[in-house]
Amino acid sequence: MNLWLVMLLGGLLTFGIRLSFILLLEKLTVPDWLRRALYYVPPAVLTAIIFPEIFLHSGTFNTSLLNPRLIAGILAVIVAWRTRNAFLTVATGMAVLWIVQALL
């Protein structure tokens, strides 16, 4: 099968699955307790993705202040808290990470 056809079919299938949930939730009334619980899903998922990247390096847990990812993460959290700007947060975190890695 042609690679482009596989990619197109995979994209359409993914889009269809996501669209079906959007259309389904439009017709259903979600219980209030479930809506409150779903509110915490994005922060939980982002935490599960970000924390291992910050604290685990080569399979070891590293919380020292010589950890460049920890320094960049702390500064990115401060920028996010003060500015509420996602682009500036990511840009600051990446810039600090690169600078600290170059210095260490």
Side-chain angles (χ1 to χ4, degrees):
M1 195 177 246
N2 187 356
L3 178 64
W4 290 105
L5 181 61
V6 171
M7 289 175 56
L8 178 66
L9 290 176
L12 288 174
L13 182 66
T14 302
F15 179 75
I17 290 171
R18 292 177 185 204
L19 182 64
S20 68
F21 281 108
I22 292 171
L23 295 176
L24 180 66
L25 287 177
E26 193 175 80
K27 300 195 184 320
L28 287 175
T29 55
V30 178
D32 197 37
W33 63 269
L34 181 59
R35 188 177 304 277
R36 284 193 312 267
L38 289 175
Y39 178 76
Y40 296 103
V41 169
V45 169
L46 285 173
T47 301
I49 292 170
I50 292 171
F51 272 51
E53 288 298 320
I54 290 176
F55 293 112
L56 291 178
H57 187 64
S58 300
T60 59
F61 192 69
N62 185 0
T63 58
S64 74
L65 288 179
L66 294 177
N67 180 356
R69 293 177 182 197
L70 181 59
I71 295 169
I74 290 170
L75 288 175
V77 166
I78 292 169
V79 168
W81 173 56
R82 299 293 290 163
T83 66
R84 305 269 191 225
N85 184 330
F87 178 75
L88 187 60
T89 300
V90 171
T92 301
M94 290 304 299
V96 169
L97 178 64
W98 290 335
I99 291 168
V100 172
Q101 281 179 334
L103 293 175
L104 294 178

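Excluded from the calculations below are hydrogen atoms, water molecules and symmetry mates; all remaining heavy atoms, backbone and side chain alike, are included.
Both V30 and V41 belong to a single network of hydrophobic side chains, linked directly or stepwise wherever heavy atoms of I, L, V, M, F, W or Y lie under 4.5 Å apart. Under a hydrophobic clustering in which Ile, Leu, Val, Met, Phe, Trp and Tyr are joined whenever their side-chain heavy atoms come within less than 4.5 Å, directly or via other members, L97 and L75 fall into different clusters. Residue M7 is not grouped with residue L12 when hydrophobic side chains (ILVMFWY) are merged at heavy-atom distances under 4.5 angstrom, including chains of intermediate members. There is no path of hydrophobic side-chain contacts, each under 4.5 Å, that joins V79 to V100. L88 and I99 fall into different hydrophobic clusters, where Ile, Leu, Val, Met, Phe, Trp and Tyr residues are linked whenever their side-chain heavy atoms come under 4.5 Å apart, directly or through other members.
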- [ ] Apply side-chain contact (heavy atoms from CB on, under 4.5 Å) to the pair I71 and V96, showing each step before the final yes or no.
- [x] CA-CA 8 Å; I71 295 169; V96 169; 4.2 Å; yes

**Study point:** Residues F55, N62; criterion side-chain contact (heavy atoms from CB on, under 4.5 Å); working and verdict
**Key:** CA-CA 5 Å; F55 293 112; N62 185 0; over 6 Å; no

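Contact of the W98 side chain with the M94 side chain is registered, since non-hydrogen atoms from C-beta on lie closer than 4.5 Å. When side chains are defined from C-beta on, L13 does not count as touching L9, because their heavy atoms never get closer than 4.5 Å.
When every heavy atom of L104 is checked against every heavy atom of L66, the shortest pair comes out as CD1-O, 3.3 Å. The two residues P52 and I49 have their closest heavy-atom pair at CD-O, 3.7 Å. Between A76 and G93 the shortest heavy-atom distance is CB-CA, 4.1 Å.
Side-chain N or O atoms of S20 include one that pairs as donor or acceptor with a backbone N or O of I17 at under 3.5 Å.
Rounding to the nearest 0.5 angstrom, the gap separating the CD1 atom in I50 from the CZ atom in R69 is 12.5 Å. The line from CD1 of I22 to CZ of F15 is 7.5 Å long, rounded to the nearest 0.5 Å. We find the CZ-CG distance between R36 and L38 to be 11.0 Å, quoted to the nearest 0.5 Å. How far CG of L34 is from OH of Y39: 15.5 Å, rounded to the nearest 0.5 Å. Rounding to the nearest 0.5 Å places OG1 of T63 at 11.0 Å from CG of L56.
The environment of OH in Y40 is sparse: at most 12 heavy-atom neighbours from other residues, nucleotides or ligands sit within 6.0 Å.
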